[in-house]
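Residue numbers begin at 1 in each chain, while the letters A, B, ... track the order of the sequences.
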There are 2 protein chains.
Amino acid sequence: MACLTDDIERYLLRMLGEGVTLEIQRAEVADRFGCAPSQINYVLLTRFTPARGFFVESRRGGGGYIRVSRLPEDAWGEAGDLPEALDQATAEHHIARLVEARRLTPREGALLRAVVSRDVLNLPLPLRDRVRAAVLRAGIGGALRWQQEYANGVQRVGMEP
Amino acid sequence: MACLTDDIERYLLRMLGEGVTLEIQRAEVADRFGCAPSQINYVLLTRFTPARGFFVESRRGGGGYIRVSRLPEDAWGEAGDLPEALDQATAEHHIARLVEARRLTPREGALLRAVVSRDVLNLPLPLRDRVRAAVLRAGIGGALRWQQEYANGVQRVGMEP
DNA sequence: TACTGCGATAGTCAGAGAACGTCAGGCCGG
DNA sequence: CCGGCCTGACGTTCTCTGACTATCGCAGTA
């Protein structure tokens, strides 16, 4: 069963695709999907997170709105400032963001997602989240650093930047 | 003595076909066989193990599912029977071999090498080598599995809209 | 102007419901 | 009696709703 949350997520992503900022009315979207208005908050809370590269702002009252936009890439800080510990969901959000921004290939995303999974890092809990963060940082760093080395190598041979 | 577990295994294998990712609902399959839902977990645990080249993931809650996939023998190959524990040098050797064989891109190699490094998996020693092996297996599997899902999609079974 | 009340939004939170996971223990054939 | 099969009770996670709360703009009024 494709759940409502996933449907609404797809809908918003499609709307968002056409511009950098999307402005919606909560009640209008809820109506379109025949659900409670607070469902929209749930979708935004669980799917359009900062870790995934989204920014949400809103205003209440007459003429109120909810705005969803993508964070500019340079506001992310790459892998450098990921937190010391990461739960699985947040780690996957970070990966999704990097794939969407084409910093990682989808296959690299799948690789990393597998690697940070709960079952693979089979460790007791405060530790597991710390190792996951370290692994994710290293993985992202490893891939991006390779890119740089590769680019430099090519440049030495005389290609254009 | 056609036991239930064997029946369910056969059923899932038939659904799974070649190189397809299968998506099921635990309760639906349990119903079909008139058994307890946890029986499905037992089948997955004892028959669809990573050692046999299977991969199982799931999501709980409304709209939950269980996904089963298998890597084709030739893609999984030598990576499939990596030992239970791996020191860093051996792990890197395996990675190099897979890159050489074009199972992984050089960049994926760099990613994995970073991830299995001693400093990243900062754990006491008998444990570290075990986690490293698990991480490596998962990473390779994750990458190869993506390929397959991308090509063949997901086969959903049961429950129509 | 300043205040006040009202309608129109959106936010929060607890809780119900829908999946799946785990585990101790019963059962049964060899 | 041992090991594999199977279940049921209980735990965890995710979704969705409804009641209640907070905020905003505007119109009317002193």
Side-chain angles (χ1 to χ4, degrees), chain A residues 1-12 22-49 51-52 54-69 86-93 96 117-122 124-125 128-129, chain B residues 1-12 22-52 54-68 156-159 161:
Chain A
M1 158 174 90
C3 70
L4 227 197
T5 298
D6 291 340
D7 289 346
I8 297 174
E9 179 190 8
R10 266 193 298 277
Y11 170 73
L12 293 179
L22 172 67
E23 188 172 307
I24 59 171
Q25 310 247 207
R26 188 177 76 153
E28 198 261 337
V29 176
D31 245 29
R32 181 183 303 260
F33 285 91
C35 65
S38 56
Q39 172 68 9
I40 309 305
N41 294 85
Y42 178 73
V43 175
L44 293 170
L45 192 69
T46 57
R47 304 294 202 269
F48 293 80
T49 64
R52 239 158 151 167
F54 294 101
F55 176 67
V56 177
E57 50 186 336
S58 65
R59 211 178 67 184
R60 309 187 197 194
Y65 57 78
I66 299 177
R67 257 182 224 153
V68 185
S69 51
L86 279 173
D87 63 74
Q88 184 166 343
T90 307
E92 285 177 358
H93 283 187
S117 118
R118 198 179 339 261
D119 306 319
V120 171
L121 306 175
N122 191 8
L125 232 194
R128 193 202 303 157
D129 284 357
Chain B
M1 68 131 193
C3 73
L4 229 196
T5 298
D6 290 340
D7 288 347
I8 297 174
E9 179 188 11
R10 266 192 298 277
Y11 170 73
L12 292 179
L22 175 66
E23 185 173 306
I24 60 171
Q25 310 253 172
R26 188 177 74 156
E28 199 262 339
V29 176
D31 246 28
R32 182 182 302 257
F33 286 90
C35 64
S38 56
Q39 172 67 8
I40 309 304
N41 293 85
Y42 179 74
V43 175
L44 293 170
L45 192 69
T46 57
R47 305 294 202 266
F48 294 80
T49 64
R52 295 191 190 184
F54 291 98
F55 177 71
V56 177
E57 55 185 335
S58 64
R59 209 174 80 180
R60 307 188 196 190
Y65 56 78
I66 299 177
R67 265 186 211 152
V68 186
R156 286 183 181 77
V157 85
M159 310 264 178

Between [options], which nucleotide gets closest to the side-chain atoms of [X]?
X: B:R59; options: D:dC24, D:dT7, D:dT15; value: D:dT15
X: A:A27; options: C:dA10, D:dT7, C:dC20; value: C:dA10
X: B:C3; options: D:dG18, C:dA10, D:dC5; value: D:dC5

TODO: Could you pull out all residues at least two apart from B:Y42 that satisfy ring pair (Phe, Tyr, Trp, His ring centres under 6.0 Å)?
DONE: none

Contact class for [X] vs. all strands (heavy atom < 4.0 Å): base, sugar-phosphate, or nothing?
X: B:G61; result: base
X: A:R47; result: sugar-phosphate
X: A:I40; result: nothing

Short side-chain N/O contact from [X] to OP1 or OP2 of [N], under 4.0 Å:
X: A:T5; N: D:dC16; result: yes
X: A:Y42; N: D:dC16; result: no
X: A:Q39; N: D:dT15; result: no

Task: Atom-pair distance (CG on A:D31; C1' on C:dA10), nearest Å - done: 15 Å

Open item on the list: Between C1' on C:dC20 and CD on B:E28, what's the gap in Å once rounded to a whole number?
Closed with: 15 Å

Open item on the list: Quick check: on DNA chain D, is the nucleotide nearest B:G34 upstream (toward 5') of the one nearest A:L4, or the reverse? Name the residue that is more 5'.
Closed with: B:G34

Open item on the list: Between B:T46 and B:T5, is there a side-chain heavy-atom distance shorter than 4.5 Å?
Closed with: yes

- [ ] Would you please say whether a donor-acceptor pair under 3.5 Å links the side chains of A:D87 and A:T90?
- [x] yes

- [ ] Summarise how protein sits on nucleotides 22-27 of chain C as a single string, 5' to 3': B when a protein heavy atom is under 4.0 Å from the base, S for sugar-phosphate-only contact, - for no contact.
- [x] B-----

